[in-house]
Peer 1: 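Take a look at the following structure, please.
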Amino acid sequence: MMTNQDIFQRAQQTIPGGVNSPVRAFKSVGGTPRFITRAEGAHIWDIEGKQYIDYLGSWGPAIVGHAHPEVVKAVQDATLNGLSFGAPTEGEVVLAEKIAELLPSIEQVRLVSSGTEATMSAIRLARGFTGRKKIIKFEGCYHGHSDSLLVKAGSGLLTFGNPSSAGVPAEFVSHTIVLDYNDIDKVKKTFEEVGHDIACIIVEPIAGNMNLVKPVVGFLEGLRELCTAYGALLIFDEVMTGFRAGPKGVQGLTGIKPDLTTLAKVIGGGMPVGAFGGRKEIMQHIAPMGAVYQAGTLSGNPISVAAGLKTLEILSRPGFYEKLTSATEALITGLKEKAAKHHIAFSADSVGGMFGIYFRSSIPTRFAEVHESNITAFNTFFHAMLDEGVHLAPSAFEAGFVSACHDNEVLNKTFEAADKAFAKVAAL
Ligand SMILES: *Cc1c(COP(=O)(O)O)cnc(C)c1O
């Protein structure tokens with residue numbers, strides 16, 4: 001039988017690091033990534049035939065559960081009509097209408113193939129619309145891997161960022177200002193100094209890429225007020241939170257209306273789809289209507305659109321989010337109980353179908369606080385859970401995802417595994 005170790009070794013011969021996206025390589029937790037052969041409902045199976053309860057959910061998209069029969073059927077049906085045309089289809093129109101219906105801040109939307117494309121294009125549009133150069137992002141928020149967003153905080157009050165990746169010239173990020181998440185005073189000061197040069201703020205309205213970190217009261221409200229006052233655009237990057245934190249994303253939960261929204265993950269239902277949208281007046285600046293160029297050979301791909309549409313239809317059914325939210329709350333409550341039983345410094349938080357677990361005694365509100373958690377404890381817990389057949393995100397800095405298929409039986413098995421895993425942490 002082929003083992004995960006065998007295939008991982010082989011993979012590293014022809015694929016850098018053996019993976020096609022770095023976090024999959026288990027670098028931060030150590031050990032061997034599981035090579036997945038199939039998934040169904042709340043479970044995934046690796047190449048050794050071992051079954052796991054899955055809390056990765058493909059990093060978010062698998063919200064209705066893996067291989068949902070209706071989604072699979074929609075995809076199968078669509079494939080019979082051809083895989084891609086490079087010409088418009090009715091499905092794209094229906095998906096655009098559905099997104100606009102679900103997210104009232106969106107009047108018009110353009111489909112792309114990934115979250116990275118969505119954020120990159122939304123920022124170009126914000127710059128084209130305002131005629132300004134500078135953008136604000138927050139430390140710990142991830143917006144894909146385009147050049148101007150691969151940046152970490154520098155030093156000094158007006159923190160122009162430093163590239164966080166080799167291959168990104170400092171000049172390319174010289175218009176990106178990096179500030180602390182949840183620190184509205186810094187944002188205010190920055191606007192007072194260079195507010196009329198700022199094209200946009202891009203923010204994860206609930207952060208899910210430094211583990212789960214929620215906005216403190218007043219943060220998003222403050223961003224909205226400052227953008228309005230200075231004529232900058234507010235971009236909510238809801239690639240992760242859109243249709244995951246709630247049926248209308250974080251904008252639905254908070255009532256705060258961004259100028260532009262970026263989406264991906266759930267809206268593709270497991271196929272590659274991204275989107276950016278907002279007020280028509282802004283969206284009209286994109287080619288072919290306007291001067292901001294943006295294009296894609298496979299944008300609005302009919303198979304992806306079919307998967308996305310069916311997924312959005314399923315999660316629009318009555319009771320979907322109530323059930324998902326209560327399963328996620330039950331998960332973190334159960335985990336906290338087991339941690340307490342073993343006297344582990346542990347906290348957890350959730351919103352909709354996403355959650356964060358932190359090996360520290362209180363829920364973090366900033367990037368620096370997330371980094372104060374006990375990484376050794378997390379890594380021990382992660383591997384113990386994996387041994388017990390529970391697949392968490394392989395990093396202390398990632399959020400977790402629950403699907404509509406995570407029922408009581410799945411949760412109870414998770415708690416049994418966690419009981420043993422926390423015991424190993426306690427023995428460290
Ligand atoms: C995943 C993610 C992205 C990038 O999306 P890709 O499809 O991986 O390019 C951007 N923003 C946020 C908030 C994300 O979670």
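Every heavy atom of this structure was used, including side-chain atoms; hydrogens, water molecules and symmetry mates were not. Throughout, residue positions are numbered sequentially from 1 according to the sequence presented. In each ligand, atom 1 is the first atom listed, and ligand 1 is the first ligand listed. Given the structure is predicted, the values throughout are model-derived calculations rather than measurements.
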Peer 1: With sequence neighbours excluded, tell me which residues meet salt bridge (charged side-chain N to carboxylate O under 4.0 Å, His left out) with Asp54.
Peer 2: none
Peer 1: How would you list, by chain and number, every residue that makes a ring pair (Phe, Tyr, Trp, His ring centres under 6.0 Å) with Phe378, sequence neighbours excluded?
Peer 2: none
Peer 1: In this structure, is the centre-to-centre distance between the rings of Phe219 and Phe138 below 6.0 Å?
Peer 2: yes
Peer 1: Who are the residue neighbours of ligand 1 when the rule is a heavy atom under 4.0 Å from any of its atoms?
Peer 2: Ser114, Gly115, Thr116, Tyr142, His143, Gly144, Glu204, Asn209, Asp237, Val239, Met240, Lys265
Peer 1: How far apart are the closest heavy atoms of Ser403 and Gly41, and which atoms are they?
Peer 2: OG-O, 4.3 Å
Peer 1: Suppose the criterion is ring-ring contact (aromatic ring centres under 6.0 Å, His included): which pairs have a residue in residues 54-86, not counting sequence neighbours?
Peer 2: Tyr55-Phe355, Tyr55-His406
Peer 1: Between Phe243 and Phe320, is the ring centre distance below 6.0 Å?
Peer 2: no
